[in-house]
*Asks:* 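Submitted below is the structure of interest, expressed as structure tokens.
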Protein chains: 2
Amino acid sequence: MDEQGENQATIAESLKSLGLTKYEALVYIALVRVAGATATEIHELSGVPRASVYPVLDRLIQKNLVSVSNTSPKRFNPVRPDEGVDSLMKSIESDALCAREGLNRIYLECADLERGDQELIWSTYGEENIRIRLLDLISNATESIRVFFYWGGLRKQIIQMLEEKKNSVSIEVVTDHWEGEIPESMNVWIKKPPGGHDIGPAKSLGGGVFLVDGSKAMVIMGSEEEGTSALYSEARGFVRFFTVYWNFFSSWARRKNQ
Amino acid sequence: MDEQGENQATIAESLKSLGLTKYEALVYIALVRVAGATATEIHELSGVPRASVYPVLDRLIQKNLVSVSNTSPKRFNPVRPDEGVDSLMKSIESDALCAREGLNRIYLECADLERGDQELIWSTYGEENIRIRLLDLISNATESIRVFFYWGGLRKQIIQMLEEKKNSVSIEVVTDHWEGEIPESMNVWIKKPPGGHDIGPAKSLGGGVFLVDGSKAMVIMGSEEEGTSALYSEARGFVRFFTVYWNFFSSWARRKNQ
DNA sequence: TAAATGTTGTTATAGCAAAAACAACATGAG
DNA sequence: CTCATGTTGTTTTTGCTATAACAACATTTA
């Protein structure tokens, strides 16, 4: 019972992000449970006020999620849920396509005109978004990638990204741990951080520096309290600062033993 | 200019169905047009009140559609539109999957219990929904399909559907016009309606009758004024009525010449 | 048959929450 | 100081939610 309730609430939430209102979701779920119900039965099953059931059903019919019988009292039937959901998705997907095309056109039109971005430093929050940015950055590298990271967060994905580029650009990596075998075409130095006071315990805080083509830098910091955030810039000073930073740790890592 | 405005409005609508509010859509579009704008510039470009720009930008940052510079004044950058839209879609798709699974489970659980549906007659409105139902009906046919239609609306799709089943079930068709060549395994009678007073001019009104396995009937009526609607039933009387109806027109169509 | 009861479908309307629009204020750089 | 920025409230609007009341019809009971 409670499990069903939980489940239903989840489904309702999902349906809401497909563009239905709370009532529309509840009514549709109720109808899926007992196909061919009357308005009153729907009201009892869904908890939606009886008078509200009618306009809600109208909307659902408009959205092709419900059909009506011509009996009296009227009975209502849900479209098969997989078809219904697919139908909603299809409409959203078409909108997504439209938005993407339109926006991309605008974006590319404007791309030539401006881009005074180079001197600015951009912040990004959240691992997912950072992952996307990083992927973009690395996959557009043309000459060199220098990486320095002591951070578990995206280790696997970072390694995978680098391996895809290992034959087309020069890659140098300093890190504390490597998963899988190290490709020959990469220069990888593995070294545990000295005491912990330099970089901090890996679980609560981790960092990564990515230098691409000597002109772009992305710096990632993850901490348990404040989530993960990243800075990206093509500004000279910014890139130079982290290049020096990287050189320092790189030479430290090359020293044999500690 | 006006074209751009039209275009923008369209994009805004599309973005709204991806879960953004009007302001969020407008701000994001403005930002795509001039990346790295300040809050005030965004306000001017989008028409969104300046004070509203800030909370809206916050939400967009939360949704990983925008990043901030650490300059003063702050400057804002859009995530690349294709990435942004994809990211929104991914989240919606995951919800869709969740909803579909949950609903389908409920649906299948309940499917055994009931189904007193057989005696009812169901209405469906809108060509798209009807097309889906019809597809479902025809593709689940196991023995016979008898079709009678004088209706341009879904002609091509109907023909295509039938061709897919031509080798597995017996098919008989009466219609006024056929696109493409007629497969040998189907029985098709093509005959123009006599005068127009029986069925009416094809443009303003058209109809179709689909009898499947002798136990299911779907009747479609399209009129210019009231849109397209369909009835579906497995009720004995309903099926028998339209079987007689079909037999009548079938024998009429078999008569040589008019 | 006639009155009483209950149900259905409809309409009107009040409540509510999120978003939109506006106004006011503190800050900070030139 | 002055202007633009960033922040904080308040009001208005909007769309959904919720309740109440009503006419039409069917069902029951006397």
*Asks:* Out of C:dG9, D:dT5, D:dC16, which nucleotide sits closest to the side chain of A:Arg59?
*Replies:*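 Minimum distance to the A:Arg59 side chain belongs to D:dC16.
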*Asks:* Ignoring the backbone of A:Lys74, work out which of C:dG9, D:dC16, D:dG6 is nearest its side chain.
*Replies:*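 So the side chain of A:Lys74 is nearest to C:dG9.
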*Asks:* Show the nearest heavy-atom pair for residues A:Asn77 and A:Gly36, with the distance to one decimal.
*Replies:*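 Residues A:Asn77 and A:Gly36, closest heavy atoms: OD1-N, 3.3 Å.
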*Asks:* What nucleic acid atoms does A:Pro49 come within less than 4.0 Å of, heavy atoms only: base, sugar-phosphate, or nothing?
*Replies:*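 If one applies the 4.0 Å heavy-atom cut-off, A:Pro49 turns out to touch a base.
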*Asks:* Let me know the distance between NE2 of A:His43 and P of C:dG6, rounded to the nearest Å.
*Replies:*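 Those two atoms, NE2 and P, are 16 Å apart.
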*Asks:* Counting just side-chain N and O atoms, does B:Tyr54 come under 4.0 Å of either OP1 or OP2 of D:dT7?
*Replies:*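 Negative; the distance criterion is not met.
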*Asks:* Measure from CG on B:Asp58 to C1' on C:dA20 and round the result to the nearest Å.
*Replies:*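 Taking atom C1' of C:dA20 as the reference, CG of B:Asp58 is at 16 Å.
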*Asks:* OP1 or OP2 of C:dA20 less than 4.0 angstrom from a side-chain nitrogen or oxygen of B:Thr21, does that happen here?
*Replies:*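 Yes, such a contact exists.
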*Asks:* Without decimals, in angstroms, what is the distance between B:Arg50 CZ and D:dT7 P?
*Replies:*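 B:Arg50 atom CZ is separated from D:dT7 atom P by 11 Å.
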*Asks:* Can you tell me the distance, in whole Å, between the CD atom of B:Glu41 and the P atom of D:dA4?
*Replies:*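 Distance, rounded to whole Å: 13 Å.
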*Asks:* Which residue in the set B:Phe210, B:Tyr245, B:Phe248 passes side-chain contact (heavy atoms from CB on, under 4.5 Å) when paired with B:Phe148?
*Replies:*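 When side-chain contact (heavy atoms from CB on, under 4.5 Å) is applied between B:Phe148 and each of B:Phe210, B:Tyr245, B:Phe248, only B:Tyr245 qualifies.
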*Asks:* Within the 3.5 Å criterion, strictly below it, is a donor on B:Ser17 or A:Asp95 matched to an acceptor on the partner's side chain?
*Replies:*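 Judged by distance alone, the side chains do pair up.
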*Asks:* Among the candidates D:dG6, C:dT8, C:dT11, find the nucleotide nearest to the side-chain atoms of A:Ala51.
*Replies:*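 Ranking D:dG6, C:dT8, C:dT11 by closest atom to the A:Ala51 side chain puts C:dT11 first.
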*Asks:* Picking from D:dA4, C:dT8, C:dG9, which would you name as closest to the side chain of B:Thr40?
*Replies:*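 So the side chain of B:Thr40 is nearest to D:dA4.
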*Asks:* For A:Met218 and A:Leu211: C-alpha separation, side-chain torsions, deciding distance, then whether side chain to side chain contact (heavy atoms under 4.5 Å, CB included) applies.
*Replies:* CA-CA 7 Å; A:Met218 185 155 179; A:Leu211 299 165; over 6 Å; no
*Asks:* What is the distance from CD of B:Gln62 to C1' of C:dA18, rounded to the nearest Å?
*Replies:*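 Answer to the nearest Å: 17 Å.
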*Asks:* If you measure from the Lys or Arg side-chain nitrogens to the Asp or Glu carboxylate oxygens, is any gap between B:Lys90 and A:Glu128 under 4.0 Å?
*Replies:*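 Looking at B:Lys90 and A:Glu128, the cut-off is met.
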*Asks:* Report the distance from atom CG of B:Leu57 to atom P of D:dT7, rounded to the nearest whole Å.
*Replies:*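 Result: 11 Å.
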*Asks:* Between atom CG in B:Leu26 and atom P in C:dA20, what is the gap in whole Å?
*Replies:*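 So the two atoms are 9 Å apart, to the nearest Å.
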*Asks:* Could you state the CD1-C1' distance from A:Ile42 to C:dT7, rounded to the nearest angstrom?
*Replies:*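 In whole Å, C:dT7 C1' lies 15 Å from A:Ile42 CD1.
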